[in-house]
Asks: 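Supplied in structure tokens, the structure appears directly below.
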Amino acid sequence: MMTPTRLLFATALLSLFVGCGKSDKPATDKPRVALVMKSLANEFFQTMAEGAKKHQAQHAAEYELVVNGIKNETDLAEQVGLVEQMVAQGVQAIVIAPADSKALIPALKRAQAAGVLIINIDNKLDPDTLSQAGLTAPFVGPDNRAGAKAVGEVLAKQLKAGDEVAILEGVTTAFNSQQRRAGFEDAMNAAGMKIVTVQSGQWEMEKANGVAAGILAANPNVKALLCANDNMAIGAAAAVQAAGKTGQVKIVGFDNIAALKPLIAEGRVLATADQHGDLLAVFGIEAALKVLKDKATPADQQTPVDVVVE
Amino acid sequence: MLRRHSEYLILLAVLTTMVLLFGLLRDSFFSAATLGSVANRIPALALVATGMTLVMITGGIDLSVGSLVGFCGAAVGVAMADWHWGLALALVGSMLLGGLVGSTTGAVSVKLGLPSFIVSLGMLEIARGLAFLSTNSQTKYIGTSIEALGAPIGGWVLSPAFFISVVVVIAGQILLSHTALGRHWIAIGANREAALISGVPVDRPRILAHGLLGALTGLAAVFNCSRLGSADPNAGVGFELSAIAAVVVGGTSLMGGRGSVVKSFFGVLIIATLEAGLVQIGASEPMKRVITGAVIIAAVLADTWRRK
């Protein structure tokens with residue numbers, strides 16, 4: 001355990017030095033790509049950022065990478081500030097996981113006006129607001145709705161038509177959460193299940209645990225809980241166990257985080273979706289490099305989502 | 001004596017009204033499953049509310065307890081999942097770690113004469129950062145080795161964690177109302193200058209209260225992990241507000257000098273019942289927040305009216 005901790009400190013220190021160093025100006029004509037993330041304290045974005053750093057290390061001759069994240073996932077002002085700093089630093093492209101699908105658009109529009117290529121990953125920018133603002137920012141990423149639907153279909157095979165199910169969504173304003181909820185609803189409605197309630201677990205394990213316990217108490221006939229991320233699925237699994245209903249209430253999640261693997265192996269969680277978190281930023285960076293190199297017109301690009309079962 | 005009883009009556013009335021209302025809105029509310037889900041929510045909050053009551057009686061506050069639940073939980077996760085520590089050792093370690101962090105907050109605040117509000121606000125950031133650093137921002141899966149603590153005894157609704165928290169509440173009340181230390185806390189909170197002049201030690205009891213709160217928060221973190229079988233470095237965000245709400249609903253003064261651990265426990269029951277009830281009636285997330293806020297204000301108002 002000492003080693004990863006040390007590594008983290010070393011990385012943090014190193015990035016401090018790099019950040020403060022005088023060698024900021026590009027020494028060569030390699031393009032500089034900025035990756036602007038949501039919270040790097042979140043496992044999902046951390047994995048994404050590490051995948052990007054690994055990719056850059058393997059392609060060090062082709063581009064330089066600057067990785068930035070915000071402290072708190074809902075701190076929009078901080079992310080707008082990061083975008084502005086990246087423009088001031090003179091990067092050629094910004095690959096961004098926007099903390100909000102609308103509020104970041106003005107800042108990105110200014111960046112584009114300054115000649116910076118914008119690629120949108122993770123959380124899709126709102127199409128209407130984009131066209132209103134006259135900003136082109138291709139979305140490179142997975143279809144969350146299709147992924148959630150695929151997970152829901154695996155679940156539906158284990159249930160019979162008319163069974164009661166409940167959905168735990170994430171933060172209700174997040175586009176990802178809305179898409180996953182819609183995907184779950186698509187699959188459940190198609191299979192003739194009865195969705196008795198949809199409630200928010202705020203993406204958090206502990207909140208989801210309390211909400212799931214309440215749902216189980218209020219709806220004794222619920223046969224499945226569909227959770228919009230794995231942290232909430234872990235919380236729900238604990239609630240099912242506490243209610244003495246392990247095996248009777250099926251659970252599915254989304255993201256395929258490491259902590260969920262034992263639960264899937266034990267059969268306490270049926271399935272989850274893997275959107276290849278470590279490659280999500282890489283896909284965006286590759287798209288940016290391609291546009292910069294070939295002077296191609298940027299276009300939306302869909303990346304794979306796989307269903308993981310035991 | 002009558003006056004003291006009337007304080008409990010108000011809290012009991014609020015609680016009963018809520019239970020009846022939820023029961024009316026949803027048949028399933030009166031069930032063992034509901035009782036179990038409420039009883040599961042109580043232990044961690046009751047422990048932190050007990051410690052918070054003591055700190056608030058001395059006129060202090062600690063905003064870092066939510067982050068500390070995250071940090072101590074993270075430490076438990078690393079210790080048990082990566083280092084294969086046993087539960088007993090991890091539990092003691094978590095309480096020591098929490099006690100150390102809490103005492104540090106208390107000592108910096110008391111010895112350097114800074115408001116505990118500010119010092120603990122700083123500690124809120126530090127502890128959360130350490131939670132992420134120590135787990136590398138990853139959820140740790142601990143598994144069955146920790147689950148027994150939060151699981152119902154003999155399959156019935158109440159867990160060991162629940163009974164431990166009740167014992168802690170009783171012990172906290174005895175400490176407050178039947179020991180010299182408790183009298184010192186109240187004297188310090190009521191009027192620190194007067195306490196100092198009359199020879200009451202004012203520094204060490206305050207640091208001790210923060211240390212106790214920290215240790216209880218460490219225990220709460222273990223209970224949290226045991227309920228989930230996992231340690232989440234994001235755990236406990238906003239938990240400080242639930243704890244402070246429970247304490248204030250129980251009638252403890254934010255100004256210090258007055259309060260009761262048992263009444264804070266009633267505050268915990270009210271908050272936990274409200275959470276469970278709102279989920280069961282299917283209230284939307286925004287409505288949950290609006291109603292929770294309104295109930296907190298109403299409960300404090302009821303207490304204030306009674307006092308007049």
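Just so it is clear, the values below take in all heavy atoms, side chains as well, and ignore hydrogens, waters and symmetry mates. Chain A is the first sequence line, chain B the second, and so forth, proteins listed ahead of strands; every chain is numbered from 1. Because the structure is a prediction, the values reported are computed rather than measured.
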Asks: Measuring heavy-atom distances to chain B, does A:Gln199 have an atom under 4.5 Å in its side chain, in its backbone, in both, or in neither?
Replies: side chain
Asks: Between A:Gly214, A:Pro220, A:Gly210, A:Ala217, who has the most heavy-atom pairs with chain B when the cutoff is under 4.5 Å?
Replies: A:Ala217
Asks: Is the shortest side-chain N to carboxylate O distance from A:Glu50 to A:Lys54 below 4.0 Å?
Replies: no
Asks: Distance-only, no hydrogens or angles: does the A:Asn123 side chain make a donor-acceptor pair with backbone N or O of A:Pro98 under 3.5 Å?
Replies: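 Checked: pair present.
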Asks: Just by distance, do the side chain of B:Arg26 and the backbone of B:Leu278 share a donor-acceptor pair under 3.5 Å?
Replies: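 Flag not set: sc B:Arg26 to bb B:Leu278 has no pair under 3.5 Å.
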Asks: What are the two closest non-hydrogen atoms of A:Ala99 and A:Ile70, and how far apart are they?
Replies: CB-CD1, 4.0 Å
Asks: Between A:Ile257 and chain B, which part of the residue has a heavy atom less than 4.5 Å away: side chain, backbone, both or neither?
Replies: side chain
Asks: Take A:Lys223 and A:Glu164, measure what side chain to side chain contact (heavy atoms under 4.5 Å, CB included) needs, and give me the verdict at the end.
Replies: CA-CA 6 Å; A:Lys223 291 286 186 289; A:Glu164 290 185 6; 5.7 Å; no
Asks: Is it the case that the side chains of A:Asp100 and A:Gln79 hold a donor-acceptor pair, with the cut-off being a distance below 3.5 Å and no angle test?
Replies: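 No pair is found: no donor N or O on one side chain lies under 3.5 Å from an acceptor on the other.
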Asks: Using a heavy-atom distance cut-off of less than 4.5 Å, which residues of residues 216-228 of chain B contact chain A?
Replies: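 Listed by number: B:Asn224, B:Arg227, B:Leu228.
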Asks: Side chain, backbone, both or neither: which part of B:Ala131 has a non-hydrogen atom closer than 4.5 Å to chain A?
Replies: neither
Asks: Give, for atom CE of A:Met193 and atom CG of A:Asp163, the distance between the pair rounded to the nearest 0.5 Å.
Replies: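 That separation rounds to 6.0 Å.
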Asks: Who in residues 224-232 of chain A is close to chain B, using a strict under-4.5 Å heavy-atom cut-off?
Replies: A:Asn231
Asks: For the candidates A:Ala212, A:Gly235, A:Pro262, A:Ala258, which exhibits the highest count of non-hydrogen atom pairs separated by less than 4.5 Å from chain B?
Replies: A:Pro262
Asks: Chain A heavy atoms under 4.5 Å from B:Gln280: which part of the residue, side chain, backbone, both or neither?
Replies: both
Asks: Indicate yes or no: does B:Arg41 engage A:Glu206 in a salt bridge with an N to O separation below 4.0 Å.
Replies: yes
Asks: Using a 4.5 Å heavy-atom cutoff, which residues in residues 237-250 of chain A come close to chain B?
Replies: A:Ala238, A:Gln241, A:Ala242
Asks: Is the side chain of A:Asp274 donor-acceptor paired with the backbone N or O of A:His276 at a distance under 3.5 Å, no angle test?
Replies: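 The answer is yes, because a donor-acceptor pair under 3.5 Å joins these two groups.
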Asks: Out of A:Gln179, A:Arg180, A:Gln178, which one pairs with A:Asn144 under the side-chain hydrogen bond (donor to acceptor under 3.5 Å, both in side chains) rule?
Replies: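 Among the candidates, only A:Arg180 passes.
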Asks: Just how far is it from atom NZ of B:Lys288 to atom CG of B:Leu274, taken to the nearest 0.5 Å?
Replies: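 Answer for the NZ-CG pair, B:Lys288 versus B:Leu274, is 10.5 Å.
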Asks: Would you check if B:Val76 and B:Ile142 make a side-chain contact, meaning some heavy-atom pair closer than 4.5 Å?
Replies: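 Yes, close enough: below the 4.5 Å cut-off.
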Asks: Quick one: what part of A:Lys207 sits under 4.5 Å from any heavy atom of chain B, side chain, backbone, both or neither?
Replies: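 Contact with chain B involves the side chain of A:Lys207 alone.
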Asks: Have B:Ser64 and B:Ser67 got a donor and an acceptor in their side chains that come within less than 3.5 Å?
Replies: no
Asks: Can you tell me how far apart CE (B:Met80) and OH (B:Tyr141) are? Round to the nearest 0.5 Å.
Replies: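 Interatomic distance, B:Met80 CE to B:Tyr141 OH, rounded to 0.5 Å: 11.5 Å.
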Asks: Let me confirm one number: the CZ-CG distance from B:Phe162 to B:Leu149, rounded to the nearest 0.5 Å.
Replies: 14.0 Å
Asks: Could you tell me which residues satisfy side chain to side chain donor-acceptor pair (under 3.5 Å) with A:Ser200, sequence neighbours excluded, listed by chain and number?
Replies: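 So A:Ser200 forms a side chain to side chain donor-acceptor pair (under 3.5 Å) with A:Gln202.
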